[in-house]
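As structure tokens, the structure follows; a few thoughts come after it.
No experiment lies behind these values; they were computed from the predicted model shown. All residue numbers in this chain count up from 1 along the given sequence.
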Amino acid sequence: MGLPAKRIIRTDEEDVIARLAGHFGVTRDELIHVVKMAVGARRDSTADDPATAPGTLSYIFGTRATRIIFRAKQWERLRENGIESVFNKTSNIRIIFQNVDLAADLQYTPKAISKKRTASKELINGAQGDLFVPPSVDAFPSKEDPGEVWYLCVSCDELAGIRAELSRPAPLENEQFVDFHERIFIVKKGDLEDVQLDKDLDMPQQDYDIQISRK
């Protein structure tokens with residue numbers, strides 16, 4: 001039911017780095033910075049915050065960091081039908097930050113924490129052009145030619161750890177991801193841990209110092 005005939009999952013670091021550079025003009029380290037920002041903000045919430053605070057803070061800081069990185073590369077901030085993203089009008093690609101239950105797992109398809117409503121369904125289901133056909137240089141986002149829609153999916157769980165992938169979804173079913181045309185694994189289990197926002201930093205700022213330890 002609209003599932004991709006060919007699925008691509010990129011897990012090899014060299015393949016990931018090459019794909020990110022060639023298709024998006026971004027480095028793996030830059031996307032890891034987005035992950036750190038989102039997870040650090042999530043973990044900065046306290047028991048006195050509203051119950052939705054961890055996910056909300058992750059989304060806000062993840063979206064902010066995504067835009068800071070990509071706008072420095074001449075991408076544009078896009079806010080359309082309630083969907084926040086960054087957009088490259090040359091390549092006709094847009095990227096959206098997304099909290100998911102479990103990212104970067106070969107045996108599992110990420111599910112969005114919040115169900116995807118009508119606007120997301122129309123956007124994703126309309127962006128079904130050939131992944132390997134170069135888009136028009138003059139392309140702009142529209143219902144007629146929505147280009148490629150990618151999600152930077154980030155998950156943070158005590159058992160599964162911090163994980164992230166940049167992936168292009170197939171058409172939605174029941175307001176949820178069911179499959180992906182391509183998945184690019186950015187952070188796998190064990191790559192990152194102990195991510196926190198620096199408490200001593202003056203707020204707000206565009207750039208945050210993240211405390212992180214690696215295995």
Pairing of Arg10 and Glu182 as salt bridge, 4.0 angstrom limit: yes
Closest non-hydrogen atom pair, Val187 against Ile162: CG1-O, 3.4 Å
Minimum side-chain heavy-atom gap Val16-Thr11 below 4.5 Å: no
Same apolar cluster: Ile32 and Ile95, side chain cutoff 4.5 Å: yes
Close side-chain approach of Val154 and Val39, heavy atoms under 4.5 Å: yes
Asp12 bridged to Arg19 by N-O distance under 4.0 Å: no
Side chains of Glu13 and Arg28 in contact at under 4.5 Å (non-hydrogen atoms): yes
Candidate pair Phe180 and Tyr151, rule ring-ring contact (aromatic ring centres under 6.0 Å, His included), full reasoning: CA-CA 10 Å; Phe180 292 83; Tyr151 282 79; 8.0 Å; no
Counterpart residues, salt bridge (Lys or Arg N to Asp or Glu O under 4.0 Å), relative to Glu84 (two or more places apart): Arg67, Arg79
4.5 Å side-chain heavy-atom contact, Asp105 and Arg163: yes
For Ala103 against Pro110, the heavy-atom pair lying closest together: CA-CG, 4.2 Å
Residues Leu166, Leu31; criterion side-chain contact (heavy atoms from CB on, under 4.5 Å); working and verdict: CA-CA 9 Å; Leu166 181 60; Leu31 293 188; 4.1 Å; yes
Given Phe87, Trp75, Trp150, Phe24, the one that forms ring pair (Phe, Tyr, Trp, His ring centres under 6.0 Å) with Phe70: Trp75
Contact summary for Phe97 and Ser58, nearest pair of heavy atoms: CE2-O, 3.5 Å
Listed partners of Arg42 passing salt bridge (Lys or Arg N to Asp or Glu O under 4.0 Å), at least two apart: none
Leu123 side chain reached by Ile96 side chain, heavy atoms, under 4.5 Å: yes
Glu148 side chain to His23 side chain, donor-acceptor N/O pair below 3.5 angstrom: yes
Asp101 with Lys111: basic N within carboxylate O range, under 4.0 Å: no
ILVMFWY network linking Val35 to Ile69, side-chain heavy atoms under 4.5 angstrom: yes
4.5 Å side-chain heavy-atom contact, Ile83 and Ser120: yes
Flag side-chain contact, heavy atom, 4.5 Å: Arg94 against Glu80: yes
Test item: Asn99 side-chain N/O and Gly55 main-chain N/O as donor-acceptor pair under 3.5 Å: yes
Shared hydrophobic cluster for Val26 and Phe185 (ILVMFWY, side-chain gaps under 4.5 Å): no
From CD1 (Ile184) to CG (Asp15), nearest 0.5 Å: 8.5 Å
Check: Arg43 and Cys156 side chains under 4.5 Å, non-hydrogen atoms: yes
